[in-house]
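A short write-up of the structure that comes next.
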Amino acid sequence: MGKIVSRFAPSPTGYLHIGGARTALFSWLLARSQGGEFRLRVEDTDRERSTQEATDAIIDSMKWLGLVHDDEIVFQSTRVDRHNEVIDQLVEAGHAYYCDCSKEQVDAMREKAQKEGRKPKYDGSCREKGLATGVVRFKTPLQGTTAFKDTVKGSIAVENAEMDDMILRRSDGSPTYNLAVVVDDHDMGITSVLRGDDHVNNTPRQILIYRAMGWDVPEFGHVPMILGPDKKKLSKRHGALSVMEYEKMGYLPEAVVNYLARLGWSHGDQELFSMDEMVTFFSTDNLGNSPSVFDLTKFEWVNGQYMQKADPERLADMLCDFYAREVGVEEAKSVTREDFARIAPLLQPRAKSIVDMLEQSQPFIVDAGFLPYDENAVKKFLTDETKPLLEEIVGRIEALDEFSEQSLEDVHRQFLEDKDIKFKAIAQPIRVAIVGTTKSPGLFETMMVLGKEQTLARLKRAVEL
RNA sequence: GUCCCCAUCGUCUAGCCUGGUCCAGGACGGCGGCCUUUCACGCCGUUAACAGGGGUUCAAAUCCCCUUGGGGACGCCA
């Protein structure tokens with residue numbers, strides 16, 4: 001068998017959604033795992049609904065996910081002449097014919113057929129008329145069945161009699177989808193088509209065109225769709241957001257890819273995969289054939305895993321960007337990339353996303369004077385008993401010549417010994433004092449990131465509260 | 001209505017092709033615990049499923065049929 005060539009062929013009528021992204025991922029994986037090629041084709045023949053923004057958004061999303069395509073992007077709209085050429089050939093060879101039935105007539109046929117319990121379809125009345133105007137229809141064989149081996153669903157067979165004589169060329173002269181895909185896939189040398197479930201019904205029709213043209217039929221695979229929590233087709237209501245929405249929400253692209261891959265694909269018990277691992281392990285044999293529900297909770301867990309493993313420097317860059325996005329470029333200058341680089345490691349095991357991490361960074365990046373204090377925490381821990389202790393600690397920290405995690409720990413141990421009290425007695429009061437809430441990373445590492453000046457300023461302010 | 005497809009814990013899934021090793025394994029979540037200066041992380045334990053009914057067979061989650069449920073398609077959209 002020769003080199004495999006797969007493709008992703010979105011129509012630019014909207015953003016790249018999570019479902020489309022997964023389809024793209026599987027196609028990409030299929031090509032990469034076999035050392036093949038992955039092509040991108042933009043199906044922009046619907047001039048009404050296709051937009052440049054959508055095209056850009058799709059390309060950006062693919063880039064963000066790391067799904068790099070080979071060769072040039074093919075824009076279907078540029079290939080109309082070739083499509084028409086094929087249609088003409090089909091007519092000449094007797095595989096297609098002109099039909100001048102009006103829309104109303106065809107609608108009536110369909111309605112009639114449905115009433116009689118048959119599949120609504122065009123009745124083929126123009127088949128042998130030898131017309132030369134109107135739409136061009138494909139002459140679907142009246143008998144027999146068209147079968148194919150779906151690489152994810154197994155054998156699928158459809159009676160030819162079930163199929164309509166589909167329109168190949170509209171009355172305005174433009175080619176239709178089913179014809180265009182076949183011609184493009186053939187011309188691009190596509191050997192493996194992996195696409196959404198909603199195309200299963202189109203496949204037999206397309207196969208018929210391949211055969212009529214005497215072309216090799218590629219391999220087809222149809223991946224089930226992604227459902228919302230209510231098991232209904234994923235929609236905007238559920239967070240069937242565009243891929244770039246996930247970027248805005250502070251998720252890591254490799255986490256999105258990982259989660260998407262595990263939605264419908266598996267490799268034994270493994271949950272976390274690097275891109276390379278996915279590429280080496282991927283096989284359509286392990287693609288599931290039933291629809292799956294997008295579970296945000298599990299996705300967040302996956303993202304958290306990647307947050308923990310991520311390079312703090314990279315996280316720092318992202319935090320800077322997100323911060324600037326949030327408060328504006330000018331204001332964001334008050335916090336440096338280096339600040340974030342010191343904060344990130346403390347928050348890595350605690351943050352589910354960049355946005356989450358930025359939020360948790362707040363106590364670190366405001367000045368002592370503006371640190372918000374949680375009312376309940378203050379009431380509970382900054383009491384008349386603890387304040388004097390904090391005051392004393394201030395003095396001891398001030399006396400420190402070297403401000404390090406070790407020296408901080410030493411000075412506190414000593415303090416506890418002198419007072420004959422447990423660490424528990426002062427831990428939460430100190431925490432509330434320096435970050436304003438009862439939750440934070442370890443005390444001494446937090447102090448280190450805060451710096452001596454900020455630590456003392458906060459402790460002092462807390463005593464005055 | 002007609003055709004096509006699907007059906008294992010709440011969710012993602014392994015197992016199904018090549019029946020026995022499955023009183024069904026892993027993961028997320030939930031619950032309980034450990035660790036501990038809080039919160040997380042981590043670790044340990046626990047919870048929970050073969051849609052239903054018929055076959056075939058010594059033996060079925062695995063093969064066959066039916067029912068039910070879900071989805072998709074039926075366009076001069078892609």
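In what follows, chains carry the letters A, B, and so on, assigned in the order in which the sequence lines appear, proteins first and then strands, with residues in each chain numbered from 1.
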In Watson-Crick or G-U wobble terms, with both distances under 3.5 Å, the base opposite B:G19 is none
Looking only at atom C1', what distance separates B:C43 and B:C6, rounded to whole Å? 39 Å
Below 3.5 Å, does any donor atom in the side chain of A:S292 face an acceptor in the base of B:C12, or the other way round? no
Spacing between A:M163 atom CE and B:U2 atom P, to the nearest angstrom: 19 Å
Check the phosphate of B:A14 against A:N286, side-chain N and O only, distance under 4.0 Å to OP1 or OP2. Yes or no? no
Would you check, one step at a time, whether the test side-chain hydrogen bond (donor to acceptor under 3.5 Å, both in side chains) holds for A:Q143 with A:N160? CA-CA 6 Å; A:Q143 265 109 41; A:N160 290 153; over 6 Å; no
Measuring only the P atom in each nucleotide, how far is B:C28 from B:U46? A whole number of Å is fine. 15 Å
Rounding to the closest angstrom, what is the interatomic distance between B:A49 and B:C5 at atom P? 31 Å
Are A:S171 and B:C76 close enough that a side-chain N or O sits under 4.0 Å from OP1 or OP2? no
Tell me: CG of A:N289 to P of B:C17, nearest whole Å? 14 Å
Within the 4.0 Å heavy-atom criterion, would you say A:S290 contacts the bases, only the backbone, or no part of the nucleic acid? sugar-phosphate
Taking the side chain of A:Q308 as its heavy atoms from C-beta onward, which of B:C28, B:G42, B:U13 lies nearest to it? B:G42
With rounding to the closest Å, how many angstrom separate the C1' atoms on B:A24 and B:G69? 23 Å
Watson-Crick/G-U partner (both atom distances under 3.5 Å) of B:C3: B:G72
Does A:E116 contact B:G1 through a side-chain donor or acceptor facing the base, at a distance under 3.5 Å? no
Considering the options A:L287, A:T284, A:T151, which one meets the side chain to side chain contact (heavy atoms under 4.5 Å, CB included) requirement together with A:L30? A:T284
Pairwise side-chain contact, A:D198 with A:M225, heavy-atom cut-off 4.5 Å (strictly under): no
Which is true for A:I167 with a 4.0 Å heavy-atom rule: it touches a base, it touches only sugar-phosphate, or it touches nothing? base
Can you measure from CD (A:Q89) to CE (A:M213) and round to the nearest 0.5 angstrom? 4.0 Å
Once hydrogens and angles are ignored, does a donor-acceptor distance under 3.5 Å link the base of B:G72 to the side chain of A:D198? no
Strictly by Watson-Crick or wobble contacts shorter than 3.5 Å, is anything paired with B:A59, and which nucleotide is it? none
Can we say A:D164 and A:R110 salt-bridge, meaning some charged N sits less than 4.0 Å from an Asp/Glu carboxylate O? yes
Just to confirm, is there a sub-4.0 Å distance from OP1 or OP2 of B:G75 to any side-chain nitrogen or oxygen of A:R110? yes
When we call it a touch if two heavy atoms are under 4.0 Å apart, what does A:H199 touch: a base, just sugar-phosphate, or nothing? base
From B:U11, B:G1, B:G75, nucleotide with atom closest to A:P120 side chain: B:G1
Quick one: which of B:G75, B:C76, B:C4 gets closest to the side chain of A:D164? B:G75
Under-4.0 Å side-chain N/O to phosphate OP1/OP2 contact, A:Q348 with B:G42: no
A:D269 side chain, from C-beta outward: closest of B:A7, B:G26, B:U13: B:G26
Give a yes or no on whether a salt bridge exists between A:E271 and A:K298, defined as a side-chain N under 4.0 angstrom from a carboxylate O. yes
Using atom CG of A:L272 as one end and atom P of B:C41 as the other, report the distance to the nearest whole Å. 14 Å
Any base atoms under 4.0 Å from A:V135, or only sugar-phosphate, or nothing? Heavy atoms, all strands. base
Donor-acceptor pair under 3.5 Å: do we get one between A:R350's side chain and the base of B:C41? no
Most 5' of A:S11 and A:R22 on RNA chain B, judged by nearest nucleotide: A:R22
Could you tell me the separation between the NE2 atom of A:H267 and the P atom of B:G15, rounded to a whole number of Å? 11 Å
Is any side-chain nitrogen or oxygen of A:K119 closer than 4.0 Å to OP1 or OP2 of B:A73? no
Checking B:A40, B:C28, B:U38 against the side chain of A:K424 (C-beta onward), the nearest is B:U38
Side chain of A:E162 - closest among B:U2, B:U38, B:G1: B:U2
Using atom CG of A:D285 as one end and atom P of B:G15 as the other, report the distance to the nearest whole Å. 10 Å
Does B:G10 pair with anything, Watson-Crick or G-U wobble, both distances under 3.5 Å, and if so, with which nucleotide? B:C28
Taking atom C1' in both B:G53 and B:C58, what distance in whole Å separates the two? 23 Å
Select base, sugar-phosphate, or nothing to describe what A:E159 touches, counting heavy atoms under 4.0 Å on all strands. nothing
Between B:U11, B:C39, B:G75, which nucleotide has the shortest distance from any of its atoms to the side chain of A:K439? B:C39
Is any NZ, NE, NH1 or NH2 atom of the basic residue among A:R49 and A:D46 found under 4.0 Å from an Asp or Glu carboxylate oxygen of the other? yes
Considering only heavy atoms and no angle criterion, is a donor-acceptor pair shorter than 3.5 Å present between the side chain of A:R118 and the base of B:U2? no
Could you state the CD-P distance from A:Q270 to B:G25, rounded to the nearest angstrom? 20 Å
Minimum-distance pair of heavy atoms, taken over all atoms of A:N202 and A:Y177: ND2-CE2, 3.9 Å
Would you classify A:A157 as touching base, sugar-phosphate or nothing, given that sugar-phosphate means primed atoms plus P, OP1 and OP2, and contacts are heavy atoms under 4.0 Å? sugar-phosphate
How far, in whole Å, is B:A14 from B:C4 if one measures between their P atoms? 26 Å
Proximity to the side chain of A:T176 - top-ranked nucleotide from B:C76, B:A27, B:C28: B:C76
If you assign each of A:P441 and A:Y177 to its closest nucleotide in RNA chain B, which residue comes earlier from the 5' end? A:P441
Could you tell me the separation between the CD atom of A:E391 and the OG1 atom of A:T386, rounded to the nearest 0.5 Å? 10.5 Å
Of the nucleotides B:C76, B:C28, B:U13, which one has an atom closest to the side chain of A:K298? B:C28
Would you measure the distance from the P atom in B:U57 across to the matching atom in B:A73 and give it in whole Å? 42 Å
Salt-bridge present (A:R41, A:D185; N to O < 4.0 Å): yes
Between B:G71, B:U11, B:A78, which nucleotide gets closest to the side-chain atoms of A:T45? B:A78
Just call it for A:M166: base, sugar-phosphate, or nothing, with non-hydrogen atoms closer than 4.0 Å on any strand. nothing
Write down the distance separating the C1' atoms in B:G32 and B:U37, rounded off to the nearest Å. 23 Å
